[in-house]
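Only one structure is covered here, and it is reproduced in the block below.
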There are 2 protein chains.
Amino acid sequence: MEKIESKQFSAGTKLPSENELANRYGVTRMTARAALSKLEERGYIYSKQGKGRFLKEESMQIQLHLTGKVSFTEKMEQAGYDLETRLISCEKIGFEEKVYKLLNCEPIDHVYKVSRIRIIDGQPMAIHNSFVSEKMFPDIEKERTGISSMFAYYRKHGHTEFASSKTMLGISFPTSKEQQLLHCQSMVPLIIVENDCIDAATGEVLEHTRILYRSDKFKYDITM
Amino acid sequence: MEKIESKQFSAGTKLPSENELANRYGVTRMTARAALSKLEERGYIYSKQGKGRFLKEESMQIQLHLTGKVSFTEKMEQAGYDLETRLISCEKIGFEEKVYKLLNCEPIDHVYKVSRIRIIDGQPMAIHNSFVSEKMFPDIEKERTGISSMFAYYRKHGHTEFASSKTMLGISFPTSKEQQLLHCQSMVPLIIVENDCIDAATGEVLEHTRILYRSDKFKYDITM
DNA sequence: ACACAGCCACTTGGCAACAAGTTAGGATGA
DNA sequence: TCATCCTAACTTGTTGCCAAGTGGCTGTGT
């Protein structure tokens with residue numbers, strides 16, 4: 001039904017009005033409205049009352065090697081992007097069986113969630129969540145505001161070599177909070193990548209990470 | 001706004017009616033309707049006029065190692081799933097610069113698109129598109145109906161060892177045709193994996209593949 | 001006591017009229 | 001001639017009412 005949009009014009013060109021689309025395709029205005037709303041929720045167009053609907057400019061897609069060992073920061077700086085990482089929150093979380101198990105924690109242990117947002121060329125692109133146990137890093141509560149790079153933080157605690165566990169990829173949609181942080185609509189899929197960071201020397205699990213990427217901003221390279 | 005659904009009941013439990021939701025959250029019925037429609041388009045719920053809205057049963061997610069070298073068929077049979085692959089179409093395509101370039105073809109050459117659907121335990125899960133040049137396989141037109149496994153077809157033509165090129169991953173939404181084939185709603189994201197299959201001996205590009213996975217049916221393992 | 005028809009309350013689906021914002025053009029007046 | 005205001009014709013946004021489908025309850029006749 002919304003095959004009209006596949007013609008893919010560019011820039012801020014104006015779309016036909018609801019009534020025009022309805023007449024042209026022999027449907028009611030409500031049907032045309034629903035189709036256009038879908039496009040709006042996917043982030044392809046925007047609408048202004050009294051004016052019309054317009055195509056958003058297509059933002060470039062950044063190529064990202066998902067399976068690599070290099071850190072996100074290094075990848076982006078190496079590719080010449082202006083990356084800023086901002087701390088959103090660092091809070092104790094309630095009991096989550098999955099995370100606790102991965103960190104070898106009991107229900108009475110405390111686990112912190114360190115949330116940071118990745119901003120590239122002024123655009124928020126991903127949310128990086130690190131789950132860290134207080135058991136492993138007792139000073140996490142005090143250090144909370146000063147954390148910029150997790151790797152730097154771990155090095156300060158004597159961990160030098162890192163390894164990665166099995167990494168899983170899934171798709172989800174942003175919560176309203178995540179929509180605000182990422183400046184995106186409710187129907188923009190997020191790519192969720194989860195794995196653990198392990199101290200290569202001792203085998204200890206340092207953190208569990210859950211990264212939420214805006215699926216429309218990246219082209220993911222998963223070559224082995 | 002649709003945070004109510006995150007409570008995640010299970011099975012075919014009935015949801016509160018539009019009016020009840022509207023009253024409870026102090027919004028209009030249209031707003032509640034819009035939120036519920038989103039959930040319906042994502043494939044989480046279904047609605048019956050006169051009865052109400054109900055949760056769909058959550059279908060299991062199949063774990064799939066995306067970066068592996070083993071073929072999809074082998075992966076699934078090894079894991080004990082009942083996999084059926086059905087040929088949808090095998091047609092000449094118009095000129096597409098990207099595909100033609102990858103296959104080392106000129107605009108006058110003919111390229112075929114072999115479309116097959118992967119059905120696991122009776123449920124359509126993925127669409128597998130192979131782009132093959134007539135230059136490389138002159139009998140493709142005649143063989144079109146008899147193709148079940150692409151690898152078997154290539155072996156018949158003397159190619160024995162295969163390699164894979166760079167593999168790219170992206171997200172998209174299904175066209176109405178793809179919705180029919182995959183039995184899914186319009187807002188179910190598809191994971192698109194693209195790469196080339198190369199004859200390891202000669203280095204020739206045999207095919208370009210574009211696989212469309214239903215994102216809600218798989219958990220993807222991208223461990224290196 | 002039981003069968004059945006009709007009615008009512010509830011559900012989702014759909015539509016039509018209205019509201020609100022924008023723009024362009026023409027009438028009016030200095 | 002030019003500035004200003006008003007109106008009309010568009011756009012999207014919102015509201016309310018009615019249609020259609022379902023199930024349960026009740027009254028009525030046998």
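All chains are named by letter (A, B, ...) in the order of the sequence lines, taking the proteins before the strands, and each is independently numbered beginning at 1. Values in this document were obtained by computation on a predicted structure and should not be read as measured data.
Across D:dT12, C:dG14, C:dC15, the shortest atom-to-atom separation from the side chain of B:Arg29 is found for C:dG14. If you check C:dC15, D:dG13, C:dT12 against the side chain of A:Arg33, the one that comes closest is D:dG13. Here the side chain of A:Gln49 is nearest to one of C:dT12, D:dT14, C:dA19, namely C:dA19. With distances taken from any side-chain atom of B:Lys51 to the nucleotides D:dT11, C:dC15, D:dG23, the minimum falls on D:dG23.
Taking atom CG on A:Asn19 and atom P on D:dT12, their separation rounds to 7 Å, with Å as the unit. Atom C1' of nucleotide C:dT12 and atom OH of B:Tyr46 are separated by 14 Å, given to the nearest angstrom. For the pair A:Phe54 CZ and C:dT23 C1', the computed distance is 12 Å after rounding to whole Å. Following rounding to the nearest Å, B:Leu15 (CG) and C:dC10 (C1') show an atom-to-atom distance of 16 Å. Rounding to whole angstrom units, CE of residue B:Met30 and C1' of C:dA16 are separated by 13 Å. Between the C1' atom of D:dT12 and the CD1 atom of A:Ile45 lies a distance of 12 Å, rounded to the nearest Å. In this structure, CG of B:Leu21 is placed 15 Å from C1' of C:dC10, rounded to the nearest angstrom. Between the CD atom of A:Glu18 and the P atom of D:dA9 there is a distance of 20 Å, rounded to whole Å.
Two end axes, each from the C1' atoms of five base pairs, can be drawn for the helix from C:dA1-D:dT30 to C:dA30-D:dT1; they diverge by 40°, to 10 degrees.
Contact annotation for B:Arg53: backbone-only contact, meaning every heavy-atom pair under 4.0 Å involves sugar-phosphate atoms and none involves a base.
Looking at B:Asn195 and B:Ser164, their side chains do bring a donor and an acceptor atom within 3.5 Å of each other.
A sub-4.0 Å separation between OP1 or OP2 of C:dG13 and a side-chain N or O of B:Ser47 is present.
The shortest distance between side-chain heavy atoms of B:Ile120 and B:Met76 falls below 4.5 Å. Side-chain contact between B:Ile171 and A:Ile191 is present, with heavy atoms from C-beta onward closer than 4.5 Å.
Under the 30°/60° scheme for interplanar angles, the aromatic rings of A:Phe72 and A:Tyr213 are found to be tilted.
Checked against the 6.0 Å centroid criterion, the rings of A:Phe131 and A:Tyr112 do not qualify as a close aromatic pair.
B:Glu84 meets the side chain to side chain donor-acceptor pair (under 3.5 Å) test with B:Arg86; sequence neighbours excluded.
Ion pair B:Lys92/B:Glu134 not flagged as a salt bridge, since none of the NZ, NE, NH1 or NH2 atoms sits closer than 4.0 Å to an Asp/Glu carboxylate oxygen.
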